[in-house]
S.K.: 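Got a structure for you, written out below as structure tokens; questions coming shortly.
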Amino acid sequence: MPKKPKKEFQAPKGMRDLLPQDLPYWDKLIAAGQELAQDYGFFKIETPVIEDAELFIRGTGATTDIVEKQMYFVKTAGGASLALRPEGTPGVVRAYMENGMASLPQPVKLFYYGPMFRHEQPQAGRYRQLYQLGLEIFGDPGSVLDAQIIQFCFHLLKSVGLKKIDIHINSLGCPQCRPTYRKALLDYYRHWKDKLCPDCRRRLKENPLRLLDCKEEKCQPIKTQAPASVDYLCDECRRHFKEVLEFLDELELPYFLDSFLVRGLDYYTKTIFEVFWEDKAAAPGALGGGGRYDNLVKELGGKPTPAVGVALGLDRIVELMKKEQVRVSEGPNFKVFLVQLGLMGKKKSLKLFERLYQAGILAAESMSRDSIKAQMKIADKLGVKFALILGQQEALDSTVIIRDMQSGVQETVLQEKVVEELKKRFKK
Ligand code: HAM
């Protein structure tokens, strides 16, 4: 029988490795995000990447695309129905309730980052394992916090070199005023029922707000004439939304009132927003999105607790940072190159590396190489000022040769004096 060719393994579709050449961007973004979140008074939380599937079904929403089409269900030996988290908010709400955070002084401000999983059709900026940095504030209904979350997004993106940001913002109202809007939307769309795409006909029955999310060409002319939620807000929701916009004006942050913005998750009340790169062609899709969700804690079994939050899509932000040629760390700042020869030299080199490190002198090396020529070539390429050469003889004498890379002048010094000697030379 012919042998079956060996399988070549690949990362699962829509998932990828983050490689050493990419990670300086990720590191810069995550470090900036963590620091800024803490400076804005948020505390870090980590929740499991797998949760009870029902948490997302009830939290994110049973009829949302995220739950209906994109969720990864996990089979367990015990028969529990779990799912890989498609987003972070329901898990953080569960953690808030489960860990008694409702009895802490409110608001409780939490942030997190990590992978989320959505079984979407992969394309530019859309992955099945995606990374988010999220912020959630619990226990305060104030409009100022909606604005603070948006301020954070601008601030973070600016701090990683992305300035051309704007946001789309809308208000979806609350359980008091939403039904009136929903009815107006249904009345309007029913009139056009026969002209709608099959998805919209389904949305009409299951989730009318999502009609405004439709990207189908044939539904666009109908959509542009649809009633806008802001025209149906109750007094309290109107006041709240007006205040949010006033805060943004005060901060001089650019926004666009987008009456078609509905967001793809079911829990939102009042303010919703999405963050965009100004040049939409350069960054397809939102860089982040969020809003207020004053009923979710209660719907998931907690006490009524107002809340607001955002999640930024790190994959998309990193892609933009690369496109915009944002400067990132070029790696360690090597001061010297350690050249070793022979087994004895290698042995002493490891010790010398440690001694230099303790003294704050970072040494590059190529321990696996034996040829002095090859090692000197690397030292040259790195542009270090000095090479330290440690061969058999030097190992025996407890010395090391300091070679000035520019002049080629060499001097032998005792290993125990090398730090002192180098410091003197660096000072010159
Ligand atoms: P979301 O709008 O579903 O909101 O996701 C937030 C961001 O994650 C998006 O704007 C996008 O940048 C990024 N993202 C989403 N799906 C993908 C994907 N397949 N590939 C790459 N990036 C993606 C939420 O997840 C809510 N939990 C936000 C929130 C927090 N609302 C209140 N608190």
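Counting starts at 1 for both ligands and their atoms, following the listed order. Positions are given from 1, in the same order as the sequence printed here. If you're wondering where the values come from, they're calculated on a predicted model, not measured in any experiment.
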S.K.: Return yes or no for this condition: an N or O of Y112 is under 3.5 Å from an N or O of ligand 1.
M.R.: no
S.K.: Of the options D199, V262, N207, which is the one that meets D213 in a side-chain contact (heavy atoms from CB on, under 4.5 Å)?
M.R.: V262
S.K.: For Y25, which residues count as a ring pair (Phe, Tyr, Trp, His ring centres under 6.0 Å) partner, sequence neighbours excluded?
M.R.: none
S.K.: For A311, take its heavy atoms, then give the atoms of ligand 1 lying under 4.0 Å from any of them.
M.R.: 6 (C), 7 (C), 28 (C), 29 (C), 30 (C)
S.K.: Taking 4.0 Å as the limit for heavy-atom contacts, which would you say applies to V310 with ligand 1: side chain only, backbone only, both, or neither?
M.R.: backbone
S.K.: Donor-acceptor pair, distance only, cut-off 3.5 Å: does the side chain of R85 make one with the backbone of E51?
M.R.: no
S.K.: List the steps, then state whether ring-ring contact (aromatic ring centres under 6.0 Å, His included) holds for F386 with F337.
M.R.: CA-CA 7 Å; F386 303 104; F337 191 93; over 10 Å; no
S.K.: Need the ligand 1 atom indices (1-based, order shown) with element for anything under 4.0 Å from a heavy-atom of G288.
M.R.: 10 (O), 12 (O)
S.K.: Please state which protein non-hydrogen atom is closest to atom 5 (O) of ligand 1 and give its distance, to 0.1 Å?
M.R.: Q132 NE2, 3.1 Å
S.K.: Does a side chain donor of either T60 or E87 reach within less than 3.5 Å of an acceptor in the other side chain?
M.R.: yes
S.K.: Return yes or no for this condition: an N or O of R126 is under 3.5 Å from an N or O of ligand 1.
M.R.: no
S.K.: Judged by non-hydrogen atoms, does G125 sit under 4.0 Å from ligand 1?
M.R.: yes
S.K.: Who's closest to atom 3 (O) of ligand 1 heavy-atom-wise, of Q70, E274, R118?
M.R.: R118
S.K.: N/O of D315 under 3.5 Å from N/O of ligand 1, yes or no?
M.R.: no
S.K.: How far is atom 33 (N) of ligand 1 from its nearest protein heavy atom, and which residue and atom name does that atom have?
M.R.: E136 OE1, 2.7 Å
S.K.: Near G289, which atoms of ligand 1 are under 4.0 Å from a heavy atom of that residue?
M.R.: 10 (O), 28 (C), 29 (C)
S.K.: What is the nearest protein non-hydrogen atom to atom 30 (C) of ligand 1, stated with its residue, atom name and distance?
M.R.: T89 OG1, 3.1 Å
S.K.: Which distance, rounded to the nearest 0.5 Å, do you find between the CD1 of I150 and the CZ of F152?
M.R.: 13.0 Å
S.K.: Provide, to 0.1 Å, the distance between atom 13 (C) of ligand 1 and the closest protein heavy atom, together with that atom's residue and name.
M.R.: G313 CA, 3.6 Å
S.K.: Considering only heavy atoms of L287, which atoms of ligand 1 have at least one such atom less than 4.0 Å away?
M.R.: 10 (O), 12 (O)
S.K.: Tell me whether the NZ or CZ atom of R16 lies within the 45° cone about the ring axis of Y127 and under 6.0 Å from its centre.
M.R.: yes
S.K.: Any side-chain donor paired with an acceptor under 3.5 Å for Q358 and E354?
M.R.: yes
S.K.: Using a distance-only test with no angle check, is there a side-chain donor-acceptor pair under 3.5 angstrom linking Y255 and D249?
M.R.: yes
S.K.: If you measure every N or O of A286 against every N or O of ligand 1, does any of those distances drop under 3.5 Å?
M.R.: yes
S.K.: Can a salt bridge be assigned to the pair D315 and R126 using a cut-off of 4.0 Å between side-chain N and carboxylate O?
M.R.: no
S.K.: Considering only non-hydrogen protein atoms, determine which one is nearest to atom 19 (N) of ligand 1 and report residue, atom name and distance to 0.1 Å.
M.R.: E120 OE2, 2.6 Å
S.K.: Apply side chain to side chain contact (heavy atoms under 4.5 Å, CB included) to R210 and D266, showing your working.
M.R.: CA-CA 10 Å; R210 200 109 320 118; D266 270 357; 3.6 Å; yes
S.K.: Could you tell me if any non-hydrogen atom of G264 lies under 4.0 Å from any atom of ligand 1?
M.R.: no
S.K.: Is a donor from one side chain sitting under 3.5 angstrom from an acceptor on the other, for Q176 and E236?
M.R.: no
S.K.: Would you please determine whether Y267 falls within less than 4.0 Å of ligand 1 on a heavy-atom basis?
M.R.: yes
S.K.: Check this for me - ligand 1, G290, N or O atoms closer than 3.5 angstrom, yes or no?
M.R.: no
S.K.: What residue and atom, counting heavy atoms only, is the protein's closest point to atom 20 (N) of ligand 1, and at what distance?
M.R.: Y127 N, 2.9 Å
S.K.: Check whether the side chains of Q121 and K69 place a donor and an acceptor atom closer than 3.5 Å, and report yes or no.
M.R.: no
S.K.: State the atoms of ligand 1, each with its element, that fall below the 4.0 Å cut-off from a heavy-atom position in Y293.
M.R.: 32 (C), 33 (N)
S.K.: At a 4.0 Å cut-off, with the gap strictly under it, does some heavy atom of R263 reach an atom of ligand 1?
M.R.: yes
S.K.: Output every pair passing side-chain hydrogen bond (donor to acceptor under 3.5 Å, both in side chains) with a member in residues 129-147, not counting sequence neighbours, ordered by first then second residue.
M.R.: T89-E136, Y112-E136, Q129-Y131, E136-Y293, S143-E243, D146-H240, D146-T271, D146-R292
S.K.: Tell me the protein heavy atom at minimum distance from atom 27 (N) of ligand 1, and give that distance in Å.
M.R.: E87 OE1, 2.5 Å
S.K.: In the protein, what heavy atom is nearest to atom 31 (N) of ligand 1, and what distance, to one decimal place, separates them?
M.R.: Y268 OH, 2.6 Å
